[in-house]
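In what follows, a single structure is set out as structure tokens and then discussed.
We name chains A, B, ... by the order of the sequence lines, and we start the count at 1 in each one. Values below: every heavy atom of this structure, side chains too, minus hydrogens, waters and symmetry copies.
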Amino acid sequence: MRIVFMGTPDFAVPSLKALLEAGYDVVGVFTQPDRPRGRGKKLAPSPVKEVALEHGIPVFQPEKIRRDGVEDLKQLHPDLCVTAAFGQILSQEILDIPTRGTVNVHASLLPKHRGSAPIAWAILQGDAEVGVTTMMTSRGIDDGDMLLHYSMPRPAHATCGELTEILSTEGAKLLIETLRRMEAGTLVRIPQDHEAMTYDPMLKKEMGIIDWNQSADEIACRILALNPWPSCSVPYGDGRLKLLRAEALTDEGVPGTILRATPNTGLVIGCGKGAVLITQLQAPGGKPMHSKDYLRGHAMEAGMSLQEKAEDA
RNA sequence: CGCGGGGUAGAGCAGUUUGGUAGCUCGUCGGGCUCAUAACCCGGAGGUCGUGGGUUCAAGUCCCACCCCCGCAA
């Protein structure tokens with residue numbers, strides 16, 4: 001079976017590797033064009049591209065596959081296309097090329113969290129269960145028939161980055177299982193319950209601004225959900241203090257103010273309901289560390305407000 | 001050459017401007033106090049100050065080069 005893989009970020013890498021290890025014939029890889037990334041703003045290949053090159057697989061990087069990738073895809077004569085966090089919308093013309101269709105690996109329990117950043121949104125909304133779904137890609141966004149899914153209880157203290165790592169490997173296993181059943185003819189297509197669907201927009205940097213009137217649980221989830229990007233932060237000195245991990249406590253205090261800040265207690269901030277203990281933070285130029293460690297070398301005063309300044313221009 | 005912060009004891013920091021005995025908080029080890037404690041008291045161990053050169057009587061501190069970590073921006 002000739003397979004063309006389409007994916008871009010780290011999440012897609014385990015799926016591509018799994019296909020190769022399982023012996024599938026990956027004849028081509030489509031991924032987003034190299035973008036300026038990192039400290040020197042140098043052009044950098046996507047994680048998927050790096051793996052593809054290591055295995056000598058032809059790489060295609062159209063700006064828009066539905067506009068200038070059609071001919072390349074046709075030339076590859078794929079039996080099947082596999083997508084995983086590709087980041088581009090496929091047209092019907094593209095979908096019609098692979099004879100056995102296109103399978104997508106989506107990091108949510110569909111029909112919830114269609115759209116981008118499904119893992120971050122699952123944490124942000126405090127979902128009890130998280131997972132991965134394989135599905136047949138169709139014209140709409142993540143609305144095709146479901147094939148298989150993997151679900152697990154959401155690890156309480158897992159960041160979006162950590163959960164992404166877990167679900168990317170589970171997604172890879174699920175993909176292989178999906179293809180095996182497809183070949184065996186035992187795959188059942190399950191239409192999504194479109195009434196129950198939710199669609200999530202892309203994450204924005206402004207989402208990292210915390211509304212301290214929310215409950216401690218909501219705020220702790222937001223902090224975990226937006227780690228590593230865009231990450232929650234509070235104005236602090238000349239720059240911003242990143243809040244990378246937090247746990248909800250039952251303490252009460254003025255929302256947005258420091259309740260306690262010693263090396264023994266850690267940084268505790270009041271919320272609308274309860275309070276959050278910052279279990280990991282990062283100062284400008286510094287490494288991520290527990291607030292207890294940070295407070296050994298930096299003084300913070302109880303009572304101080306971390307509320308965003310009202311600078312609505 | 002996109003902008004910027006940083007590398008000093010196991011952890012987190014000060015000290016560098018104005019060169020002159022390596023300092024703070026925490027942890028750790030030993031001892032004490034307490035019904036008890038993330039409490040308190042006493043004492044100890046632990047550092048080639050990122051690397052290599054240079055200036056100097058003397059360099060964590062000044063000069064040159066390099067390595068590594070990180071924030072913004074994408």
Query raised in the report: Atom CH2 of A/W229 and atom C1' of B/A73: how far apart are they, to the nearest Å?
Result: 12 Å
Requested in this report: Report the distance from atom CZ of A/R240 to atom C1' of B/G5, rounded to the nearest whole Å.
Outcome: 17 Å
Requested in this report: For B/U34 versus B/A59, give the span between their C1' atoms, rounded off to a whole number of Å.
Outcome: 49 Å
Query - Polar side chain donor-acceptor pair, A/T102 to A/T137, under 3.5 angstrom - result: no
Query raised in the report: If you measure from the P atom in B/C57 to the same atom in B/G52, how many Å do you get, rounded?
Result: 23 Å
Query raised in the report: Base, sugar-phosphate, or nothing: which does A/K292 touch, judged by heavy atoms less than 4.0 Å apart?
Result: nothing
Requested in this report: Please figure out whether A/P288 or A/R39 has its closest RNA chain B nucleotide nearer the 5' end.
Outcome: A/R39
Requested in this report: Using the P atoms only, state how far B/C33 lies from B/C41, rounded to an integer number of Å.
Outcome: 16 Å
Query raised in the report: Does A/R189 come within less than 4.0 Å of A/D145, counting only side-chain N to carboxylate O?
Result: yes
Query raised in the report: What integer distance in Å separates A/Q280:CD from B/A11:P?
Result: 16 Å
**Report entry** Pair A/E170 + A/K173: basic N to acidic O under 4.0 Å
**Finding:** yes
Query raised in the report: Where the side chain of A/R296 is concerned, which of B/C70, B/A11, B/A73 is the nearest nucleotide?
Result: B/A11
Query raised in the report: Could you state the CD-C1' distance from A/Q282 to B/G5, rounded to the nearest angstrom?
Result: 11 Å
Query raised in the report: On RNA chain B, nearest-nucleotide positions of A/L295 versus A/K242: which is more 5'?
Result: A/L295
Query raised in the report: Would a distance-only check, ignoring hydrogens and angles, find a side-chain to backbone donor-acceptor pair under 3.5 Å from A/H55 to A/V51?
Result: yes
Report summary line: From the candidates B/G71, B/A38, B/G12, the one with an atom nearest any side-chain atom of A/N264 is B/A38
Query raised in the report: What does B/G2 pair with, Watson-Crick or G-U, if both distances are under 3.5 Å?
Result: B/C72
Query raised in the report: Taking the C1' atom of each, how far is B/G19 from B/C1, in whole Å?
Result: 34 Å
Query raised in the report: Going by atom types only, do A/Q61 and A/Q32 share a side-chain donor-acceptor pair under 3.5 Å?
Result: no
Query raised in the report: B/A9 and B/C62: how far apart are their C1' atoms, nearest whole angstrom?
Result: 26 Å
Query - Residue matched to B/C66 through Watson-Crick or wobble contacts both under 3.5 angstrom - result: B/G50
Query raised in the report: When you check the phosphate oxygens OP1 and OP2 of B/A73, does a side-chain N or O of A/K42 lie under 4.0 Å from one of them?
Result: no
Query raised in the report: Taking atom C1' in both B/U61 and B/A22, what distance in whole Å separates the two?
Result: 12 Å
Query - Between C1' of B/C26 and CG of A/D293, the distance in whole Å - result: 9 Å
**Report entry** Residues A/R114 and A/D200 bridged, charged N to O under 4.0 Å
**Finding:** no
Report task. Provide the distance between the two P atoms, one in B/G23 and one in B/G43, to the nearest whole Å. Result -> 15 Å
Report summary line: Which of B/A74, B/A73, B/C72 is nearest the side chain of A/K205? It is B/A73
**Report entry** Whole-angstrom distance between B/U51 and B/U56, as gauged at atom P
**Finding:** 23 Å
Query raised in the report: Could you give the CG-to-C1' distance, from A/L244 to B/C70, as a whole number of Å?
Result: 12 Å
Report task. Please determine, for B/G10, whether a Watson-Crick or G-U wobble partner exists with both distances under 3.5 Å, and give it or none. Result -> B/C26
Requested in this report: Using atom CE of A/M289 as one end and atom P of B/C13 as the other, report the distance to the nearest whole Å.
Outcome: 4 Å
Report summary line: When rounded to whole Å, the CZ to P distance for the pair A/R37 and B/A73 reads 16 Å
